[in-house]
Structure formats: C-alpha cells, structure tokens
Amino acid sequence: MKTMTLLMWAGSILALVLALAHLAIAGFLAQRVWELQTLWFLGSGVALLLGALLNIITLRVAQRELVVRNCLILGNTLVAGFFMLAVPLLKAPQALVGLVLYVGLTVGAVLYRPSEYAMPDTST
C-alpha cells in the first residue's frame, strides 16, 4: 500500500475511535442528566461517527465512484468547518485534534483518487 493509503486509513480509524469515545461520554452523560446540551453532544457524536464511516466506506468500497468521492470531500469539509467553529468556543484540545484530523482527511480526499487508496481485491 502507498503511504497516503496508510495515512488515510489511519486517519479514518482514528476518526472512528474518537467518534465512539464521544458517543460513550455522551451515553454516560445521558444516564446522569438528560437535557438539551446532552442531546446536542450525542448528536455531534453521531455526526462524527457518520463522518468516520463515510471515510471508511469510501476507502473500502467506492473505488471509482466520483459521486462518493465528492460526498466524502463535502462531508469532511463540513466536519472540519464545524470543528473550526468549535475550537474558539470550546477551547478544548479535543476540538483542535478533531480539526487537524478532518482537515487532513479532507486534503487526502481531494488530492488522491479513490482508486489509489482502495484496498486491494483479495477475492480471487
């Protein structure tokens, strides 16, 4: 596999781990107190999970689908944009980590064609 392939896979898996951690924290908060902020926190965790899954699906399945690649670029850009808005508001290191991660995933999705970072066909 090429270096960019490995970086895209590593970033996608890291995004998935961070999304699952976010959802775990949201679930813990929801058990203690259920209020509007908890719901928004849970919703943002779901959005992060969907963003991570879109990256993994694109890397694994959609080898030559331009529509899927464009959806990936749009999704990563939106998530990076929301992290950009969150960094000055939250002043938390995890928001900065998310911003750097999704900017990297966006740049990777723009620069490389899906066929270049798809997993090799092992069905034969």
Side-chain angles (χ1 to χ4, degrees):
M1 288 184 152
K2 296 180 182 179
T3 303
M4 190 61 194
T5 305
L6 293 175
L7 289 174
M8 288 294 292
W9 271 102
S12 298
I13 292 170
L14 180 59
L16 180 63
V17 169
L18 292 175
L20 292 174
H22 191 94
L23 286 170
I25 293 168
F28 174 74
L29 292 174
Q31 289 178 352
R32 300 186 74 207
V33 60
W34 185 253
E35 56 187 28
L36 185 59
Q37 289 178 334
T38 308
L39 181 63
W40 278 104
F41 194 78
L42 184 63
S44 63
V46 170
L48 292 173
L49 178 65
L50 292 174
L53 291 175
L54 180 60
N55 278 280
I56 291 169
I57 289 168
T58 302
L59 288 168
R60 184 70 181 113
V61 177
Q63 296 181 14
R64 292 177 183 86
E65 294 291 331
L66 185 59
V67 172
V68 175
R69 179 174 178 256
N70 289 338
C71 288
L72 176 65
I73 292 168
L74 176 63
N76 285 347
T77 302
L78 288 172
V79 174
F82 278 107
F83 270 118
M84 193 177 302
L85 294 172
V87 167
L89 294 174
L90 296 176
K91 296 179 177 78
Q94 62 268 29
L96 188 58
V97 168
L99 174 63
V100 169
L101 176 63
Y102 270 92
V103 166
L105 286 170
T106 302
V107 169
V110 169
L111 293 179
Y112 292 87
R113 291 175 174 42
S115 61
E116 290 180 327
Y117 52 77
M119 297 213 33
D121 183 21
T122 57
S123 62
T124 58

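Here, residue 1 is the first one in the sequence, and each next residue gets the next number.
Between Ala19 and Leu48, the shortest heavy-atom contact is CB-C, 3.6 Å. Heavy atoms only, all atoms of each residue included: Ala15 and Ala52 are closest at C-CB, 3.7 Å. Here the closest non-hydrogen pair linking Leu90 and Ala95 is CD1-CB, 4.2 Å. The two atoms that bring Thr106 and Ile73 nearest to each other are CG2-O, 4.4 Å, heavy atoms only. Minimum heavy-atom separation, Leu99 to Ala80: CD1-O, 3.4 Å. Among all heavy-atom pairs drawn from Asn76 and Ala109, the shortest one is ND2-CB, 4.2 Å.
Leu42 is not connected to Phe82 by any chain of hydrophobic side-chain contacts under 4.5 Å among Ile, Leu, Val, Met, Phe, Trp and Tyr, and they are in different clusters. There is no path of hydrophobic side-chain contacts, each under 4.5 Å, that joins Val100 to Tyr102. Met84 and Val87 fall within a single hydrophobic cluster, where Ile, Leu, Val, Met, Phe, Trp and Tyr are joined by side-chain heavy atoms under 4.5 Å apart, directly or via other members. Hydrophobic clustering, with ILVMFWY side chains joined whenever heavy atoms are under 4.5 angstrom apart, keeps Leu74 apart from Leu49. Linking Ile, Leu, Val, Met, Phe, Trp and Tyr whenever their side-chain heavy atoms come within less than 4.5 Å leaves Val68 and Leu78 in two separate clusters.
A heavy-atom distance below 4.5 Å is found between the side chains of Trp9 and Ile56.
The closest donor-acceptor contact from the side chain of Thr58 to the backbone of Arg69 lies at 3.5 Å or more, if one exists at all. In this structure, the side chain of His22 does not engage the main chain of Val46 through any donor-acceptor pair within 3.5 Å.
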Kindly indicate, with the supporting measurements, whether the criterion side chain to side chain contact (heavy atoms under 4.5 Å, CB included) is fulfilled by Leu96 and Phe83.
CA-CA 7 Å; Leu96 188 58; Phe83 270 118; over 6 Å; no
Side chain to side chain contact (heavy atoms under 4.5 Å, CB included) between Phe41 and Ile25, worked out
CA-CA 9 Å; Phe41 194 78; Ile25 293 168; 3.7 Å; yes
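We find the CD1-CG distance between Ile13 and Leu18 to be 12.0 Å, quoted to the nearest 0.5 Å.
Few gaps surround CH2 on Trp34; more than 12 heavy atoms of other groups in view lie less than 6.0 Å from it. Counted within 6.0 Å of CD on Gln37, heavy atoms from surrounding residues, nucleotides or ligands total 12 or fewer; the atom is thus considered open.
For the side-chain contact (heavy atoms from CB on, under 4.5 Å) test with Asn55, the passing option among Leu72, Leu50, Val79 is Leu72; the others fail.
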